[in-house]
Amino acid sequence: MPIVVQKYGGSSVESREQLIAVAERVASLRSEGYDVVVVVSARGSTTDSLVSEAKLLATDPAQRELDMLMTAGERVSMSLLAIALNSIGCPAISFTGSQVGIITDTKHTDARILEVRPYRVVEELEAGHVVVVGGFQGVSTAKDVTTLGRGGSDTTAVALAAALGAERCEILSDVDGVYTADPNRVAGAVRIDEISYEDMASLARYGATVLKEDAVRFAEREGIAVLVGPSDGGGPGTIVLESPDAAPAPVTGLTLLPGADLIEWPGSLEDVCDQIEELDRSVSFVASTGERTVAAVDRRGRPSSSNPPSGDAEVRPVDLIAIVGPDGGTGRVAGKLVRVACGLGTTIAAISSAGRATVAAVRPEESERILRALHAAFFPATTSSPRR
Ligand code: ASP
Ligand code: MG
């Protein structure tokens with residue numbers, strides 16, 4: 001039977017009623033003749049609560065223990081969902097990431113999947129079971145439990161879909177698709193029907209939380225189309241794939257990434273290359289005039305004590321705004337961004353434009369206003385009447 005992998009986000013399995021609704025949706029998919037693998041996130045804000053609990057005991061808890069702790073959240077969801085499925089007559093079994101062979105590197109709290117060996121999933125599907133998997137977790141090559149970075153259940157779902165040769169991979173939550181901007185921040189934001197892996201990965205990198213960047217990259221590598229849609233089935237969602245059908249618009253979407261740092265060093269790139277290297281994956285862009293060097297740093301999910309800038313660095317809190325799309329990294333887009341921000345009397349602390357994205361570091365208290373003005377400038381037609 002064809003396999004469908006469905007991932008349900010934490011806000012869709014928070015209450016008992018929601019768990020029952022998810023179980024019913026899964027059971028009905030099963031009765032349509034599919035083998036179903038369900039990946040679940042921790043319920044509601046469980047992961048945040050667990051991390052806060054640890055931080056009350058230690059300012060810098062051991063990353064290995066944080067992984068043990070955080071994976072408990074997904075265990076609760078997966079076992080409860082399996083119980084709910086069994087209780088409505090749909091035979092189901094739950095597994096941790098480690099049990100379904102999700103092998104990762106050893107980087108605790110932000111591990112990469114190296115390989116998936118889904119033998120147990122295949123066996124259980126063949127035995128007629130729905131398989132429920134705790135998302136966001138795996139087991140490292142050193143046999144320790146790891147997590148895949150915040151939002152990592154998306155990556156679990158795509159990785160399993162790839163390993164199983166699934167017909168579909170669906171990322172389902174309380175968000176009904178990918179929008180031209182976060183609809184909670186921008187009233188005129190419009191749902192996008194189809195989006196390329198490339199643009200989706202950039203939107204995720206610069207703050208969109210509907211789908212994790214690693215998951216998009218994984219899907220791209222494996223050629224898996226991913227549907228991002230509402231968990232209640234009440235809408236078409238957004239399909240993430242290689243090349244969307246519609247003629248590409250110059251700009252696909254805008255994002256806001258709050259809580260970033262702008263680090264400024266007195267010195268050339270060469271003077272500070274060690275410090276830049278330490279920023280590793282969290283660096284959004286680096287620019288230098290020769291005398292001064294700045295780096296915009298994404299602090300998502302990373303304790304502020306890691307990578308403290310050394311020397312005479314000055315650190316300023318900023319929000320990052322990104323404009324993404326086929327023309328996203330052009331001077332035309334960068335120039336328009338600057339014109340809009342200056343027209344509002346706001347300040348841009350630093351800007352980078354390359355490839356398919358322009359990224360601006362702005363003052364946190366001005367970011368939402370700039371985002372809304374930019375959306376109106378880049379999507380004029382959607383502000384009053386939806387275009388797609
Ligand atoms: N529960 C984890 C988190 O809150 C993973 C996920 O939701 O995908 O980040
Ligand atoms: Mg998520």
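Count residues from 1 along the sequence. These figures come from a predicted structure and were not determined experimentally. Scope of the values below: all heavy atoms of this structure, side chains included, with no hydrogens, waters or symmetry mates. Read the numbers this way: they start at 1 and go in the same order the structure lists the ligands and their atoms.
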- Task: Flag Gly149 as yes when one of its N or O atoms lies below 3.5 Å from any N or O atom of ligand 1, and as no otherwise.
- Result: no

- Query: Is the shortest distance from a heavy atom of Gly152 to ligand 1 less than 4.0 Å?
  - Reply: yes

- Message: Is it the case that ligand 1 has an N or O less than 3.5 angstrom from some N or O of Thr47?
- Response: yes

- Message: Cation-pi check for Tyr119 against Arg117: NZ or CZ below 6.0 Å from the six-membered ring centre and within 45 degrees of the axis, yes or no?
- Response: no

- Message: Using a 6.0 Å distance limit plus a 45 degree cone around the ring axis, check whether Arg168 lies over the aromatic ring of Tyr34.
- Response: yes

- Message: Whether the His108 and Gln63 side chains hold a donor-acceptor pair (N or O, under 3.5 Å, no angle test) is what I'd like checked.
- Response: no

- Message: Rounded at 0.5 Å granularity, tell me how far CG in Asp182 sits from OG1 in Thr255.
- Response: 10.0 Å

- Query: Counting heavy atoms only, which of Lys7, Met70, Arg150, Glu74 is nearest atom 9 (O) of ligand 1?
  - Reply: Arg150

- Message: So Thr96 and Met78, do their side chains get closer than 4.5 Å, heavy atoms only?
- Response: yes

- ligand 1 contact on Ser153 by region, counting heavy-atom pairs under 4.0 Å: both

- Check whether the side chains of Thr180 and His375 place a donor and an acceptor atom closer than 3.5 Å, and report yes or no. yes

- Query: Has Gly151 got any heavy atom lying under 4.0 angstrom from an atom of ligand 1?
  - Reply: yes

- What protein heavy atom sits nearest atom 7 (O) of ligand 1, and how far away is it? Ser41 OG, 3.3 Å

